[in-house]
Amino acid sequence: MPASVPGDAVVTVENLQTTFHTRIGPVRAVDGVSYSIGKGETLGIVGESGCGKSVTAFSLMRLIEPPGEITGGAAFLGGENILDVPEERMRELRGSRMAIIFQEPMTAFNPVLTIGYQMDEQITRHLRVSRQESRERAIEMLSLVGIPAPSERYASYPHQLSGGMRQRAMIAMALSCDPEFLIAD
Ligand SMILES: Nc1ncnc2c1ncn2[C@@H]1O[C@H](COP(=O)(O)OP(=O)(O)OP(=O)(O)O)[C@@H](O)[C@H]1O
Ligand SMILES: [Mg+2]
């Protein structure tokens, strides 16, 4: 059923369907998810383990890989159907207008690059700022999420942070370009 679409909705998801094509047949992990979120609104999605929350999140970020496939539905961010735009456009949207805080922080970071390098890569890709401004913004974000000694953490590799700190660093990275739509898995 299509979600009712208020005029000021930031995100509207309509009948999202994601299927995994497995050897024992298709697994319909997400089957008809619809919702709409307005500016400043938060939507909480609850459900038992394995019910499809992460697959829904990955689908909206277009991070589903084979044998998984988005098999139906639409998702509008502004006027664009993000399930339908070219991958190139998706790369512009990801990390800037929409961002995800992954359930597994190790999924978010490349283990061989420092936290700061990865945050700078994202910030300078999407915002018109110098390296120096990017560094300042990254350290400010790390500080805002409550990471002690943020300049040191900026220069750390992911494995040098505790699990909780890695989660915070991931939140800092997701927030660094001020996304309109933030998914917290
Ligand atoms: N690569 C895959 N191949 C087949 N099935 C998959 C694959 N990835 C996910 N699934 C299935 O999709 C379903 C939804 O998984 P998902 O990770 O979205 O659950 P979840 O609601 O996020 O659970 P949790 O609360 O434990 O994080 C599960 O039944 C899972 O087995
Ligand atoms: Mg999950």
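Atoms within each ligand, like the ligands themselves, are counted from 1 in listed order. Starting from 1, each residue takes its place in the sequence as its number.
- Residue, atom and distance of the protein heavy atom nearest to atom 17 (O) of ligand 1 are Ser54 CB, 3.6 Å.
- Backbone and side-chain nitrogen or oxygen atoms of Val27 are examined, and none is located within less than 3.5 angstrom of a nitrogen or oxygen of ligand 1.
- Looking from atom 26 (O) of ligand 1 to the surrounding protein, the closest heavy atom is Ser49 OG, 2.5 Å.
- Where the criterion is an N or O separation shorter than 3.5 Å, residue side chain and backbone included, Gly47 fails it with respect to ligand 1.
- In this structure, atom 31 (O) of ligand 1 has no protein heavy-atom contact shorter than 4.0 Å.
- Remark: Leu63 pairs with Phe58, Met61, Arg94, Phe102 by the side chain to side chain contact (heavy atoms under 4.5 Å, CB included) rule, at least two apart or across chains.
- Heavy atoms from other residues, nucleotides or ligands lying under 6.0 Å from CD of Glu152 number 12 at most.
- Between Thr56 and ligand 1, not a single N/O pair is under 3.5 Å apart.
- Ile139 and Tyr157 are members of different hydrophobic clusters when ILVMFWY side chains are connected at heavy-atom separations under 4.5 Å.
- Judged as a side chain to side chain contact (heavy atoms under 4.5 Å, CB included), and not counting sequence neighbours, the contacts of Ser130 are Gln132, Glu133.
- Two residues are said to be in side-chain contact when any heavy atoms from C-beta on lie closer than 4.5 Å; Thr56 and Leu16 meet this criterion.
- Distance from atom 8 (N) of ligand 1 to its nearest protein heavy atom, with residue and atom name: Phe20 CZ, 3.4 Å.
- Between Lys53 and ligand 1, at least one pair of N/O atoms sits closer than 3.5 Å.
- Considering backbone and side-chain N/O of Gly52, one or more are found under 3.5 Å from N/O of ligand 1.
- Looking only at heavy atoms of the protein, atom 18 (O) of ligand 1 is closest to Val55 N, 2.8 Å.
- Between Arg166 and Glu104, the closest side-chain pair of non-hydrogen atoms is not below 4.5 Å.
- The nearest protein atom to atom 12 (O) of ligand 1, hydrogens excluded, is given as Ala29 CB, 3.4 Å; this is a heavy-atom distance.
- Scored by the side-chain hydrogen bond (donor to acceptor under 3.5 Å, both in side chains) test, Thr124 finds no partners at all (sequence neighbours excluded).
- Listed by chain and residue number, the protein N/O/S atoms under 2.8 Å of the Mg ion (ligand 2) are Ser54 OG, Gln103 OE1, with waters left out.
- Cation-pi contact between Arg97 and Phe181: absent, since separation from the ring centre below 6.0 Å together with deviation from the ring axis within 45° is not met.
- In this structure, atom 27 (O) of ligand 1 lies nearest to the protein heavy atom Gln103 NE2, 2.8 Å.
- For atom 29 (O) of ligand 1, the nearest non-hydrogen atom of the protein is Gly50 O, 3.2 Å.
- With 3.5 Å as the limit, one finds no donor-acceptor pair spanning the side chains of Ser34 and Glu14.
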